[in-house]
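The structure appears below as structure tokens.
For this chain, numbers begin at 1 and follow the sequence in order. Basis for what follows: all heavy atoms, side chains included, without hydrogens, waters or symmetry-related copies.
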Amino acid sequence: MRARKGGLIGSFVALLLGSVVLSVCGILLESGLRASMPPERYAAADAVVASRQQARIPGRSAAPTTPVKQALVERVPVRADVAERIAAVNGVDAVIADIGIPAQVIGPDGMPLSAAGGALSTGHNWSSTKLGPYRLTSGRAPAGGHQVVLDTALARRAKVAAGDTVSLMTGSTPQVFHVAGVVALEGQPSPRRSAVFFSDQLTGQLAARNGSVDALGVLAAPGISTKELSGAVSDALGDPDLTVYTGDDRGTAEFLDVATTGSTLVVLASAVAGNIFLLTVFVVASTMSLALSHRRRETALLRAVGATPRQIRRMVAAEALIVALLGGVLGWPLGVAVVHWIRDRLAGHGIVPPDFQPVIGPLPAVGAVVITVLAACTAALVAGRRATRIRPLEALGEAAVERRKLGRARLITAGMLVLGAVALFVTGLAQRGDFATLAGLANSLVLVMVIAAAVLGPLLSRASMRVLGPLLRMSRVSGQLAAANSTAHPRRLAGAVTPLILAVSFAATVVFAQTTAQHAAEEQLRAGLVADHVLTAPQGAAPEIVEQVRRLDQVEAATGVATSTVVAVGTKEQLLSLSAQGVDPKTLGKTMDLKPREGSLERLDRTTIAISSVASSWLHLDVGDSVRLRLGDGTPLTPKVVAVYERGMGFADITFEHDLLLAHTTSRLEQSVLVRAAAAAHGIAPALAEVAQRYPGTLVQDRLAIDDQLHQQKANAWVNYLIAGLILVYTAVTVVNAQVMNTVARRREFAMLRLIGTTPAQVMRMMRWESLAVVLAGIGIGTLTAIPALALVCLALTGSFWPTVPPLVYLLIAGGTAVLTMTAALVPARLLLLRTGSIAATGSKE
């Protein structure tokens with residue numbers, strides 16, 4: 001290792017970056033599993049009983065690859081009668097219910113006030129102040145129907161004090177309330193979410209919960225520890241859907257966004273980690289294999305003087321172990337820095353709360369180092385296997401002349417991979433109506449194609465030189481030398497081309513699958529939205545706006561659209577999160593065209609649903625079938641499918657009857673109101689603006705904003721682009737390593753060329769032609785490798801074989817890999833020509 005520091009740099013960089021990415025995935029995974037936030041309104045409660053914010057399959061043990069839990073995005077209520085069971089537990093002093101309702105405070109500018117993180121205020125029952133360290137700073141408790149108490153931060157932003165009046169929206173037009181008092185939350189000068197407190201009676205009337213509450217706070221009797229209280233309450237409940245929270249976990253029960261963030265991060269980290277782990281093994285194995293191929297003379301000499309294959313493998317493994325330990329340990333602090341950078345981007349796309357803080361624990365560090373070491377040692381042993389199996393004299397002969405034929409085992413493996421790829425593609429063509437099958441086949445196909453290209457690397461290199469050879473030979477000296485070199489060393493060319501194939505094929509598949517999906521969603525939204533005007537509000541529109549709009553003479557139809565996310569149980573007992581919308585079937589056809597394929601949307605009611613063709617494929621459902629669902633608040637439902645429509649990507653996977661879905665959302669607000677103008681109507685825009693003025697924050701638009709409607713799709717696209725970026729960055733390490741190591745290994749060759757009269761300029765021109773051949777071969781084969789998988793993805797998304805490929809994006813992928821490849825080859829070549837004498841180089845070691 002002391003004599004080969006330069007040769008180990010490539011392996012070290014690959015392992016370092018592998019450790020960085022694995023550390024990032026580990027931190028995100030641990031943060032998702034341990035997601036919590038210090039409680040505010042629940043800080044004085046010794047324990048909090050709340051429902052799990054996850055859907056699960058009861059009584060089923062999890063299969064290794066099948067998720068049995070999915071996040072529920074709406075607040076899951078707790079039955080109010082649970083309080084009686086808790087109150088009967090020894091050691092419980094009091095049980096206090098917390099009931100939340102929408103309550104937006106209208107500021108002096110006539111707009112709803114929000115906290116620092118953008119969240120609007122919420123209303124709660126006055127008795128719930130006992131769960132937090134609240135104290136009245138002025139005034140008194142609310143009493144009667146139009147009295148409220150504000151927290152100090154909210155009162156300050158609203159510029160009111162005890163005795164003043166304030167305008168409030170509770171899902172309807174603003175009403176004037178008397179500010180009875182102002183409370184302060186001890187230790188929280190600026191609470192995460194501002195609160196408005198109503199009398200208990202008024203809160204119950206506004207919530208209309210029918211015997212359910214948000215959570216139950218438990219106060220312990222004197223002398224009872226939190227641990228004793230938690231255990232006793234858990235035993236008394238005996239309900240797996242209820243959880244007893246203590247410590248900072250009480251914040252998970254208080255803040256809905258924290259509870260749902262955990263599940264999102266677990267899914268994200270798991271998806272990235274799986275791809276990166278496979279990529280780490282591939283990159284490290286490729287780098288070490290290339291490094292060992294440049295040490296064939298050394299290996300041959302060791303074998304000739306009596307070293308056993310086992311000794312050589314142990315030597316290689318020991319080198320890999322030391323490099324992996326160094327790279328793994330140094331990758332951890334870099335991974336922590338990357339996590340904080342990613343956190344800001346995740347928050348910007350609404351995937352995590354703005355104040356989310358990752359959990360930095362020791363387990364991800366240990367896991368990253370262990371996985372890095374195992375990957376390095378495994379790759380080193382596999383890479384050194386071929387060199388240790390041949391006889392010493394054969395090894396010495398092979399060191400001088402590159403073997404041109406592929407081994408029998410390699411050919412058989414390549415043949416099986418090619419047949420497997422063909423079988424996957426043909427199966428996809430036969431399943432063109434099954435989205436779930438096509439998506440799975442496409443993911444498998446691109447992986448099989450890349451591995452097949454790597455195994456067939458020398459053959460593909462020779463084939464590419466037959467095509468590119470005439471181009472190189474257009475240059476009389478340098479080009480002919482480049483063509484001769486590339487043709488004579490197909491394995492070296494394959495070592496340089498294979499990383500490019502990996503980078504281009506994976507990046508093209510991920511990116512262009514996403515651009516195709518986004519383009520299809522935008523086209524469906526444009527074609528399916530037949531409304532003339534749309535009313536929206538940043539935090540949701542009041543439901544009664546719909547009735548106000550329908551009364552206008554200029555309006556033919558108005559449809560309120562409620563949105564949520566539901567969880568469906570698939571045929572293989574897996575859970576799937578699906579987007580959902582609630583609409584009025586009587587007015588749906590005049591404002592929204594979902595393009596029904598089967599059945600009728602007019603049959604929508606509280607016992608039926610309509611489903612998109614994509615969701616129908618995932619769940620294997622047709623008209624007349626029933627499906628098990630969990631609504632956003634966990635309510636079980638088994639509706640019957642009455643229609644299958646084609647424009648689900650632009651709107652929602654499942655369509656419900658409007659009032660059914662709206663009743664099971666936390667906010668009870670509309671996502672938008674679609675308006676169809678009456679024939680020959682005049683002045684509809686001013687009339688709608690007049691209605692919107694009654695509801696502060698409501699906007700009137702001529703068309704639904706594409707970016708707003710497809711916000712979730714764009715957030716998902718960013719995550720996929722993040723995965724593609726990580727793949728590109730990591731494969732770039734392999735590209736650079738391959739190019740640098742191949743170039744440095746040609747020191748003797750450059751010296752011989754100089755001794756026979758070739759000028760440095762001619763050598764550099766030769767290297768430029770060779771690099772051009774590598775770039776064209778890598779990009780060309782990588783693009784061809786991605787086409788079959790992209791075709792299956794497009795067949796699933798749009799029914800055609802043609803993906804949406806933005807030219808600038810493709811040029812960015814191809815140009816980035818080209819610049820990287822050329823730089824990694826030409827810079828070392830230039831340095832070798834400038835710093836190494838020709839005669840000295842001819843006698844240099846490997």
Side-chain angles (χ1 to χ4, degrees), residues 264 267-276 278-279 342 345-346 348-351 428 435-447 449-450 502-526 576-579 612-615 617-618 647-653 706-731 779 782-783 785-817:
T264 302
V267 173
L268 172 62
S270 301
V272 176
N275 287 288
I276 293 300
L278 293 176
L279 199 59
I342 290 179
R345 275 63 195 171
L346 292 174
H349 286 82
I351 298 174
F435 178 86
T437 302
L438 282 173
L441 290 173
N443 291 333
S444 301
L445 182 58
V446 67
L447 184 61
M449 292 285 287
V450 168
L502 175 67
V504 173
S505 59
F506 267 108
T509 302
V510 174
V511 172
F512 297 139
Q514 196 60 53
T515 56
T516 301
Q518 281 189 265
H519 179 74
E522 292 174 3
E523 289 298 312
Q524 289 184 12
L525 187 59
R526 291 190 181 96
L576 299 172
S577 288
L578 302 171
S579 59
S612 71
S613 56
V614 172
S617 173
W618 279 114
R647 288 181 175 148
M649 296 179 63
F651 292 92
D653 296 314
I706 299 295
D707 289 342
D708 294 340
Q709 181 70 11
L710 301 180
H711 171 75
Q712 186 60 48
Q713 289 93 323
K714 290 183 178 295
N716 294 336
W718 183 85
V719 172
N720 288 325
Y721 292 147
L722 173 64
I723 296 174
L726 290 173
I727 291 173
L728 273 177
V729 170
Y730 202 29
T731 51
I779 294 175
T783 302
T785 302
I787 287 176
L790 274 176
L792 292 185
V793 171
C794 296
L795 192 63
L797 294 174
T798 65
S800 70
F801 291 101
W802 302 105
T804 301
V805 180
L808 290 179
V809 177
Y810 181 78
L811 290 177
L812 182 63
I813 295 173
T817 55

**Message:** For a quick test of reading the model, state the closest non-hydrogen atom pair linking Val504 to Gly782 and the distance between them.
**Reply:** CG1-C, 3.9 Å
**Message:** Just verifying a value: how many Å separate Thr785 OG1 and Leu445 CG, rounded to the nearest 0.5 Å?
**Reply:** 9.5 Å
**Message:** Evaluate Phe512 against Val809 for side chain to side chain contact (heavy atoms under 4.5 Å, CB included), listing each step before the verdict.
**Reply:** CA-CA 9 Å; Phe512 297 139; Val809 177; 3.8 Å; yes
**Complete:** Value for CD1 (Ile779) from OG (Ser505), rounded to nearest 0.5 Å, stands at 12.0 Å
**Fill in**
The side chain to side chain donor-acceptor pair (under 3.5 Å) partners of Thr804 (sequence neighbours excluded) come to none
**Asked** Measuring from Glu523:CD to Gln518:CD, what's the distance to the nearest 0.5 Å?
**Response** 12.5 Å
**Request:** Identify the two heavy atoms, one from Leu525 and one from Gly650, that lie closest to each other, and give their separation to 0.1 Å.
**Result:** CD1-O, 3.4 Å
**Fill in**
Nearest heavy-atom contact between Ser579 and Ala652 is OG-CA, 3.5 Å
**Complete:** The reported gap from CG in Leu795 to OG1 in Thr516 (rounded to nearest 0.5 angstrom) is 12.0 Å
**Message:** Set out, in order, the CA-CA distance, both residues' side-chain angles and the distance that settles side chain to side chain contact (heavy atoms under 4.5 Å, CB included) for Thr515 and Val805, then state yes or no.
**Reply:** CA-CA 7 Å; Thr515 56; Val805 180; 5.9 Å; no
**Complete:** Heavy atoms of Asp653 and Leu578 approach each other most closely as OD2-CA, 3.6 Å
**Request:** To the nearest 0.5 angstrom, please state how far the CG atom of Leu808 sits from the CD1 atom of Ile813.
**Result:** 11.5 Å
**Message:** Please give me the minimum heavy-atom distance between Ala520 and Met649, naming the atom from each residue.
**Reply:** CB-CE, 4.0 Å
**Message:** Return the CZ to CG distance between Phe801 and Leu792, rounded to the nearest 0.5 Å.
**Reply:** 8.0 Å
